[in-house]
Protein chains: 2
Amino acid sequence: MTAEIVRSTLHQKEGAPFSPDELPNLCGRPAVLRQLSPGEELFAPGERSDDIYGIVSGWAYSYRLFDDGRRQINTIELPGSLIGVASAARDGAAVGCACLTRVVYCVYPRATLFGRVMSEPALGLRIVAEVVRQEVLIRERLSDVARRPARERIANFLHELYCRRQITGRMDRPFSIPLTQTHIADALGLTPIHVSRTLREFKRDGVANYVGHDLQIIDAGKLARISTLDESYARWLGGGADAPIAAAEARPAMAARLA
Amino acid sequence: MTAEIVRSTLHQKEGAPFSPDELPNLCGRPAVLRQLSPGEELFAPGERSDDIYGIVSGWAYSYRLFDDGRRQINTIELPGSLIGVASAARDGAAVGCACLTRVVYCVYPRATLFGRVMSEPALGLRIVAEVVRQEVLIRERLSDVARRPARERIANFLHELYCRRQITGRMDRPFSIPLTQTHIADALGLTPIHVSRTLREFKRDGVANYVGHDLQIIDAGKLARISTLDESYARWLGGGADAPIAAAEARPAMAARLA
DNA sequence: CGTATCGTTGAACCATGTCAATGTCTGTGG
DNA sequence: CCACAGACATTGACATGGTTCAACGATACG
């Protein structure tokens with residue numbers, strides 16, 4: 001039993017460690033639920049919060065604000081995301097989290113959630129898995145921003161979202177993304193102007209186009225071809241249809257010292 | 001007692017969740033210890049490993065390798081770091097971890113470490129804290145790479161290392177960093193050539209200079225002035241001399257539903 | 001119908017990359 | 001002790017992707 005929990009927790013077969021359905025009961029009893037409209041904030045930069053949030057439905061983004069007014073979008077949060085675990089590690093950091101669509105989420109006081117871990121250790125492992133999942137996304141973004149030209153960078157970003165879409169709940173067709181060009185720019189370290197130019201090309205090439213305030217993916221195949229996400233990553237994003245892994249059984253550590 | 005563990009885990013007062021001293025006994029009994037020389041790898045890209053590593057002494061860096069041969073350095077690992085928690089989430093990712101100096105580290109089979117969490121839940125929270133710590137570093141790096149010009153980017157990077165130095169064990173004076181210009185370039189998304197130019201300026205301005213293969217910080221004050229790390233972050237890096245936090249006590253979650 | 005928000009377009013500029021050559025140090029083998 | 005090779009760092013000339021500035025266009029909303 002223990003071994004099984006460990007195995008399933010480490011090798012996430014689902015899109016995220018937590019499914020939106022189970023979030024309200026994560027602490028054993030029903031959590032507080034709230035909802036917000038597009039543009040509103042779960043928490044604002046500089047605000048000290050002792051809560052952790054779980055997204056039940058909708059899109060949000062967490063970001064950091066700089067003195068000079070610039071904004072760095074770190075992650076796009078979809079249903080199943082746990083928000084605030086990392087943000088609060090360093091107190092006083094100017095991080096915030098705002099909604100892109102209508103968002104329903106639950107609230108866990110930190111102490112309650114972590115207290116629950118003490119009585120239910122497997123929850124701790126799942127939280128580790130969730131934080132790790134976010135870290136993987138950010139590492140990937142870092143590589144993109146550091147080394148890829150704007151075109152690939154944007155394509156990778158959109159492709160990532162396209163792959164994560166199954167978590168969105170609805171598998172719309174065509175898939176549409178509630179992001180402004182300024183959001184994209186702030187996520188990727190570009191200028192809205194340059195995003196505009198690049199997206200213009202995407203439109204010309206029949207890859208993606210704005211419909212109202214949503215960016216619609218017209219041809220996912222073309223998008224995938226422009227993007228440089230490798231296939232195994234794309235699969236992992238989509239819910240870990242990764243090759244099955246022979247998980248080691250939990251057993252006592254071997255004792256040995258350095259010669 | 002529980003509340004105390006939760007509190008101390010969440011608001012890390014030390015430089016890292018784990019101290020190098022306690023790493024060998026993390027799983028309850030002495031872990032396997034190994035050591036490597038500069039340039040050798042704890043694990044190589046593409047290698048599938050079911051182990052997690054804890055750095056006891058020395059410097060290492062974890063990185064990702066691309067098809068085109070490029071390398072993205074994600075984090076500089078210092079004593080106390082837990083490596084491989086994130087790397088293995090997505091199997092088959094081309095990530096590796098290599099030594100910058102002689103490194104002593106311990107090895108935990110994943111299943112053993114996570115199995116231990118089941119019997120000692122507080123360990124789970126400490127692992128969460130460690131993963132979160134790394135994530136904060138990467139988010140910061142992302143902001144730098146996305147928005148800062150090369151000069152600030154490099155200054156921030158060096159300043160970060162300078163602040164983390166107390167974890168290095170020896171508080172050398174002057175502080176020296178075992179990184180090649182190519183390492184710095186690969187960490188920050190720059191060209192070694194441009195790093196060279198910028199470091200040349202740093203030398204001219206009496207900020208930092210190479211001595212042998214180590215970059216020595218000559219004037220930490222000047223470095224801090226060039227860098228844009230905010231003060232609270234610098235303190236956090238240095239071991240969380242953060243303002244004390246009134247930690248909430250662990251208590252039952254309030255039950256309430258969305259109206 | 002005025003105002004706000006977001007996207008588009010063009011022209012000029014510049015931080016950084018690219019290419020290519022040279023310099024410096026260290027260790028090694030004859 | 002010298003010759004040589006390998007790994008890094010330095011320097012200069014040139015190319016360019018992306019920014020900046022500035023103006024204009026479209027769409028939505030009260």
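Just so we're clear, the structure is a prediction, and the values are computed from it rather than from any experiment. In what follows, every chain begins at residue 1, and chains take the letters A, B, ... in the order their sequences are listed.
Atoms CD1 (Ile184(B)) and P (dT10(D)) sit 11 Å apart, rounded to a whole Å. As a whole-Å value, the separation of Glu201(B) CD from dT11(D) C1' is 14 Å. Separating the NE2 atom of His194(A) from the C1' atom of dT16(C) is a distance of 14 Å, rounded to the nearest angstrom. Distance Arg204(B) CZ to dT10(D) P: 13 Å, rounded to the nearest Å. As a whole-Å value, the separation of Lys203(B) NZ from dT24(C) P is 11 Å. Atom-to-atom, CG of Leu188(A) to P of dG17(D) comes out at 18 Å; the value is rounded to the nearest Å. In this structure, Leu190(B) places its CG atom 14 Å from C1' of dT18(C), rounding to the nearest Å. Atoms CG (Leu100(A)) and P (dC6(C)) sit 12 Å apart, rounded to a whole Å.
Gly39(A) comes within contact range of no nucleotide atom at all, as no heavy-atom separation falls under 4.0 Å. Here Ile193(B) lies in heavy-atom contact (under 4.0 Å) with a base.
Comparing dG18(D), dT10(D), dT8(C) against the side chain of Arg200(A) picks out dT8(C) as the nearest.
Of all heavy-atom pairs between Pro20(B) and Gly80(B), the closest is CG-N, 4.1 Å.
Distances shorter than 4.0 Å separate some side-chain N or O of Thr180(B) from OP1 or OP2 on dA9(D). At the phosphate of dC8(D), neither OP1 nor OP2 sits under 4.0 Å from any side-chain N or O atom of Tyr210(B). The side chain of Gln181(B) contributes no N or O atom lying less than 4.0 Å from OP1 or OP2 of dA7(D). When the side-chain nitrogen and oxygen atoms of Thr191(A) are compared with OP1 and OP2 of dT19(D), one or more of them lie within a distance under 4.0 Å. Side-chain nitrogen and oxygen atoms of Ser196(B) include at least one within less than 4.0 Å of the OP1 or OP2 phosphate oxygen of dT10(D).
Heavy-atom nearest nucleotides on DNA chain D were determined for Leu199(B) and for Ala150(A), and the one closer to the 5' end corresponds to Leu199(B). With the nearest nucleotide of DNA chain C identified for both Arg147(A) and Val195(A), Val195(A) has the one nearer the 5' end. Toward the 5' end of DNA chain C, the nearer of the two residues Arg197(A) and His213(A), judged by each one's closest nucleotide, is His213(A).
For CG of Asp67(B), the number of neighbouring non-hydrogen atoms (other residues, nucleotides, ligands) closer than 6.0 Å is 12 at most.
Taking CD from Glu140(B) and CG from Asn156(B), the interatomic distance works out to 7.0 Å, rounded to the nearest 0.5 Å.
Between the side chains of Ser81(B) and Arg133(B), at least one donor N or O sits under 3.5 Å from an acceptor N or O. Side chains of Arg102(A) and Gln35(A): a donor on one and an acceptor on the other come within 3.5 Å. Side-chain contact check for Glu77(A) and Tyr105(A): no donor-acceptor pair (N or O, by modelled atom type) lies under 3.5 Å.
Under 4.0 Å is where a charged nitrogen must lie from a carboxylate oxygen, and between Asp144(B) and Arg153(B) no such pair does. Salt-bridge annotation for Asp205(B) and Arg225(B): absent, with no side-chain N of the basic residue lying under 4.0 Å from a carboxylate O of the acidic one.
The rotation axes computed at either terminus of the helix from dC1(C)-dG30(D) to dG30(C)-dC1(D) lie 30° apart, taking five pairs at each end and rounding to 10 degrees.
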